Amino acid sequence: WEEERYPEGIKWKFLEHKGPVFAPPYEPLPENVKFYYDGKVMKLSTKAEEVATFFAKMLDHEYTTKEIFRKNFFKDWRKEMTSEEKSTITSLSKCDFTHMSQYFKAQTEARKQMSKEEKQKIKEENERLLKEYGYCVMDNHKERIANFKIEPPGLFRGRGNHPKMGMLKRRIMPEDIIINCSKDSKIPSPPPGHKWKEVRHDNKVTWLVSWTENIQGSIKYIMLNPSSRIKGEKDWQKYETARRLKKCVDKIRNQYREDWKSKEMKVRQRAVALYFIDKLALRAGNEKEEGETADTVGCCSLRVEHIKLHPELDGQEYVVEFDFLGKDSIRYYNKVPVEKRVFKNLQLFMENKQPEDDLFDRLNTSILNKHLQDLMEGLTAKVFRTYNASITLQQQLKELTNPDDNIPAKILSYNRANRAVAILCNHQRAPPKTFEKSMMNLQSKIDAKKEQLADARRELKSAKADAKVRRDEKSKKTVESKKKAVQRIEEQLMKLEVQATDREENKQIALGTSKLNYLDPRISVAWCKKWGIPIEKIYNKTQREKFAWAIDMAEEDYEF
DNA sequence: GCGGTTGACTCAGAAATGTACCA
DNA sequence: GTGGTACATTTCTGAGTCAACCG
């Protein structure tokens, strides 16, 4: 993992790849699929039709009913129309996409019904594409590329209440593409008749391909897979930084507690914000341009309206009630008892302010991170999230693992430890649509298993009685096999019950994000080694590839 | 020297797809 | 053996973080 260290900022010496795979060109609808305007059939120009199909494909989705979505879509759609179409189509509500929508549904259905051979053919084609474009050579290694396919055109769907939802995401052409590779590599060729926007040779960055996206004007990249050396090393570094924080976190905590008393308002705000980031694992909270994105916040951008102060609540003193939308418009709701000083400071910060005013008006992420940099090299707000997540996993594993448990029960403990972290980081998911049903199915399985167990026990009992009377080898053997049957069923029942508990507790919680991004994998690897749990029970194939470095490195006595 | 902007990277949940299991 | 369903995995791409840059 440490074969060669590069000088500061150099990411590679040699980089060769085949460039991106473009989205397939638009295929016009068959003649018999109609679009209606104001009740009348209307044949659209190819460009207008393509954009119309984007809308038609989403027709069942809730956001096609949202006013902002419709407004943005219609505005961008009109830009693609011929002047004739533009003068005819003046109202989206008069557009009827249902026939188009039905056509696409039928297509989806037909795809599902394809024969094995046809499916196999598609699979092979994908594999060929992956083989040709999915890998690059970086220095001496062949590495997997993460997203070598360029995003196809479509309608922008932001998360939450996004002001730009419904806008047209335009088709990316070779002329938009910047290629990054080394000078002495075989430079990828653009599709026939096209040119790249630029070919550059910048070994201070890790991306292979980039383009500017038209909704936010931000840059998108093609980079390597998490299993690659360059990503793995960075990941490892991240956890090493968090481990360095472990060594000085007590000092930092004492420091910010002192700062709650500072004469300077700026210092007090910084100290309270840092307390939240540390205690609640909040994100830093950069400022965002108003009207460009959904209205979400993190710690430094919290507004007065996002917290409520309760001098007393449910028998606890100094409770802060948080209610705000964070990254991806996921709601953060939490009632937290805080120290008196923090509480008093918050009261002070909120004095004479409007609900929409910043809670920390003298603070931003840049000020905070500069301060953190002084406390420890490489320390930023997000390191606290990594540190607290990993240390929580380690503690919880110690606490919850029962040496006498069997493997499924130990894995439940692991999942619970993982869950504690996901809750800390507020990683949520929409409860699966079929949750109630699947829970009921599982319960009926458990009930059936219980009955089966009762039966098996009865059989065992009568076999025992029988053996007592007969006293022969054959009936003894029967007793033994009945005993085994009971045991087997008991185990199966237990497994089911564990599964039910696990699933219930996991209803609204997403474990994946913390597992993939916040938990030092060496903790998990060490735990597996210590308790003889096969690593496959914890990490699937992709995860094992991503964490290969940790699986290689960590021994059972690893301490975060 | 500073405040805003840009670039490069990590992190995020939904949706699509694949697979295993069961009737 | 088959087809359908539930669950797991993969893909997709949007949304953050943070530091360098620039006027």
Side-chain angles (χ1 to χ4, degrees), chain A residues 9 11 23 58 61 108 111-113 116 119 122-123 126 130 146-152 154 156-160 162 164-165 169 178 180 202 204-207 210 212-213 215-226 230-231 234-235 237-238 277 282-289 292-294 296-301 325-330 364-370 372-373 378-386 389 422 425-430 432-435 437-439 441-442 445 499 503 506 508-518 539-543 545:
Chain A
K11 306 289 166 62
M58 297 173 129
H61 209 290
T108 314
R111 229 174 298 132
K112 267 192 218 158
Q113 298 302 326
K116 255 189 192 145
K119 281 184 183 167
I122 292 174
K123 207 174 161 191
N126 284 337
L130 174 67
N147 53 328
F148 59 91
K149 290 181 186 156
I150 299 233
E151 298 170 18
F156 176 80
R157 319 135 79 126
R159 311 271 168 82
H162 198 115
K164 297 193 172 182
M165 64 168 88
K169 235 174 67 160
I178 302 174
N180 193 34
D202 183 356
K204 291 188 175 59
V205 296
T206 67
W207 53 266
S210 77
T212 302
E213 149 275 339
I215 303 288
Q216 317 274 2
S218 65
I219 308 167
K220 298 242 176 178
Y221 303 94
I222 293 181
M223 291 185 190
L224 297 194
N225 197 66
I230 205 154
K231 294 285 182 191
K234 198 80 189 292
D235 206 33
Q237 244 179 55
K238 174 179 77 182
I277 284 171
L282 299 190
R283 295 188 185 81
N286 284 312
E287 294 115 294
K288 315 204 296 178
E289 210 174 330
E292 293 292 299
T293 58
T296 63
V297 297
C299 186
C300 294
S301 50
L325 297 181
K327 181 176 180 180
D328 289 342
S329 291
I330 298 291
N364 60 40
T365 52
S366 166
I367 297 172
L368 179 68
N369 279 333
K370 277 199 184 102
L372 293 176
Q373 193 62 238
L379 186 61
T380 62
K382 77 196 270 286
V383 178
F384 282 88
R385 243 168 111 79
T386 311
C425 294
N426 198 39
H427 290 140
Q428 294 190 23
R429 61 166 182 177
K433 287 202 171 62
T434 54
F435 185 82
K437 202 179 141 208
S438 88
M439 218 51 211
N441 284 345
L442 194 55
K445 263 191 198 169
Q499 210 186 339
R503 196 180 299 174
N506 226 23
Q508 299 197 58
I509 297 166
L511 297 185
T513 303
S514 52
K515 200 178 203 176
L516 234 48
N517 301 302
Y518 289 103
Y539 291 141
N540 66 29
K541 185 169 143 275
T542 315
Q543 294 165 338
E545 280 167 11

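Below, read A as the first sequence line, B as the second, and so on, with proteins coming before strands; counting in each chain starts at 1. Since the structure is predicted, the reported quantities are computational estimates derived from the model, not experimental observations.
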**Study point:** Between B:dT19 (C1') and A:N540 (CG): distance, integer Å
**Key:** 13 Å
**Study point:** Residue A:M223, side-chain atoms from C-beta onward, closest of C:dT13, B:dA8, C:dT9
**Key:** B:dA8
Review point. Reckon A:P152 touches a base, only the sugar-phosphate, or nothing at all at heavy-atom distances under 4.0 Å?
Key: sugar-phosphate
Point to revise | Any residue meeting side chain to side chain contact (heavy atoms under 4.5 Å, CB included) with A:R159, in chain and number order, not counting sequence neighbours | key: A:D328
Practice item. From the options B:dA12, C:dT9, C:dG14, select the nucleotide whose nearest atom is closest to the side chain of A:E151. Key: C:dG14
Study note, to complete from the structure: Closest heavy-atom pair, A:I277 versus A:A284, reported as atoms and distance to 0.1 Å, is CD1-CA, 4.5 Å
Check your understanding: Think A:K231 has a side-chain N or O under 4.0 angstrom from the OP1 or OP2 of B:dC9?
Key -> no
Review point. Just wondering, do A:I330 and A:N426 contact through their side chains at under 4.5 Å, heavy atoms?
Key: yes
Exercise for review: Write down the distance between CD (A:Q428) and C1' (B:dA12), rounded to a whole number of angstrom.
Suggested key: 12 Å
Practice item. Given side-chain contact (heavy atoms from CB on, under 4.5 Å), test A:K231 with A:N225 step by step and report yes or no. Key: CA-CA 7 Å; A:K231 294 285 182 191; A:N225 197 66; over 6 Å; no
**Study point:** Distance below 4.0 Å between A:K234 side-chain N/O and B:dC9 OP1 or OP2
**Key:** no
Practice item. Rounded off to whole Å, could you give me the CD1-to-P distance for the A:I367 and B:dG1 pair? Key: 17 Å
Exercise for review: Treat primed atoms plus P, OP1 and OP2 as sugar-phosphate and everything else as base, then score nucleotides 17-23 of chain C 5' to 3': B for base contact with protein heavy atoms under 4.0 Å, S for sugar-phosphate contact only, - for none.
Suggested key: BBS----
Practice item. Tell me what A:G326 touches on the nucleic acid: a base, only sugar-phosphate, or nothing, going by heavy atoms under 4.0 Å. Key: sugar-phosphate
Check your understanding: Is A:K220 near enough to C:dG14 that one of its side-chain N or O atoms lies under 4.0 angstrom from OP1 or OP2?
Key -> yes
Point to revise | A:N517 or A:N126, whichever maps to the more 5' nucleotide of DNA chain B | key: A:N517
Review point. What nucleic acid atoms does A:K164 come within less than 4.0 Å of, heavy atoms only: base, sugar-phosphate, or nothing?
Key: nothing
Exercise for review: Could you pick out which residue, A:R157 or A:K541, lies toward the 5' side of DNA chain C when each is mapped onto its nearest nucleotide?
Suggested key: A:K541
Check your understanding: When we call it a touch if two heavy atoms are under 4.0 Å apart, what does A:E213 touch: a base, just sugar-phosphate, or nothing?
Key -> nothing
Review point. Any side-chain donor-acceptor pair under 3.5 Å between A:K288 and A:T296?
Key: yes
Review point. Which nucleotide in the list B:dC11, B:dA8, C:dG16 gets nearest to the side chain of A:I219?
Key: B:dA8
Review point. Between B:dT10 atom C1' and A:D328 atom CG, what is the distance in whole Å?
Key: 13 Å
Review point. Between A:V205 and A:C425, which is nearer to the 5' end of DNA chain B once each is assigned its nearest nucleotide?
Key: A:V205
Exercise for review: Measure from the side chain of A:T542, starting at C-beta and using heavy atoms only, and say which of C:dT10, C:dG14, B:dA8 lies closest.
Suggested key: C:dT10
Study note, to complete from the structure: Taken to the nearest 0.5 Å, the spacing of A:E151 CD from A:I222 CD1 works out to 9.5 Å
Check your understanding: Distance check: side-chain N/O of A:T293 vs OP1/OP2 of C:dA15, anything under 4.0 Å?
Key -> no
Revision key, fill the gap. From NZ of A:K515 across to P of B:dG13 the rounded distance in Å is 15 Å
Practice item. Output, in order, the C-alpha distance, side-chain angles, deciding distance and verdict of side-chain contact (heavy atoms from CB on, under 4.5 Å) for A:D202 and A:W207. Key: CA-CA 9 Å; A:D202 183 356; A:W207 53 266; 5.7 Å; no
Exercise for review: Looking at every strand, decide which applies to A:S218 at a 4.0 Å heavy-atom threshold: base, sugar-phosphate, or nothing.
Suggested key: nothing
Point to revise | Nucleotide B:dA16, atom P - distance to CE of A:M58 in whole Å | key: 10 Å
Review point. Taking atom P of B:dA14 as reference, at what distance in whole Å does atom CD of A:Q508 sit?
Key: 11 Å
Practice item. Taking only the side-chain nitrogens and oxygens of A:Y518, find out if one of them lies under 4.0 Å from OP1 or OP2 of B:dA12. Key: yes
Review point. Is A:K238 near enough to B:dC9 that one of its side-chain N or O atoms lies under 4.0 angstrom from OP1 or OP2?
Key: no
Check your understanding: Hey, mind stepping through A:R157 and A:M58 against side-chain contact (heavy atoms from CB on, under 4.5 Å) and telling me if it holds?
Key -> CA-CA 10 Å; A:R157 319 135 79 126; A:M58 297 173 129; 3.3 Å; yes
Exercise for review: Starting at atom CG of A:D202, determine the distance to atom P of B:dG7, rounded to an integer number of angstrom.
Suggested key: 12 Å
Review point. So does A:K327 get a side-chain nitrogen or oxygen closer than 4.0 Å to the phosphate oxygens (OP1/OP2) of B:dT10?
Key: no
Check your understanding: Of all the nucleotides listed (B:dA15, C:dA15, C:dT13), which has the minimum atom distance to the side chain of A:H162?
Key -> C:dA15
Review point. Below 4.0 angstrom from OP1 or OP2 of B:dA15, is there any side-chain N or O of A:H61?
Key: yes
Exercise for review: For A:L516, answer base if it contacts any base atom (sugar-phosphate contacts may also be present), sugar-phosphate if it contacts only those atoms, and nothing otherwise; contact means non-hydrogen atoms under 4.0 Å.
Suggested key: nothing
**Study point:** Distance-minimising heavy-atom pair for A:Q428 and A:A510
**Key:** O-CB, 3.9 Å
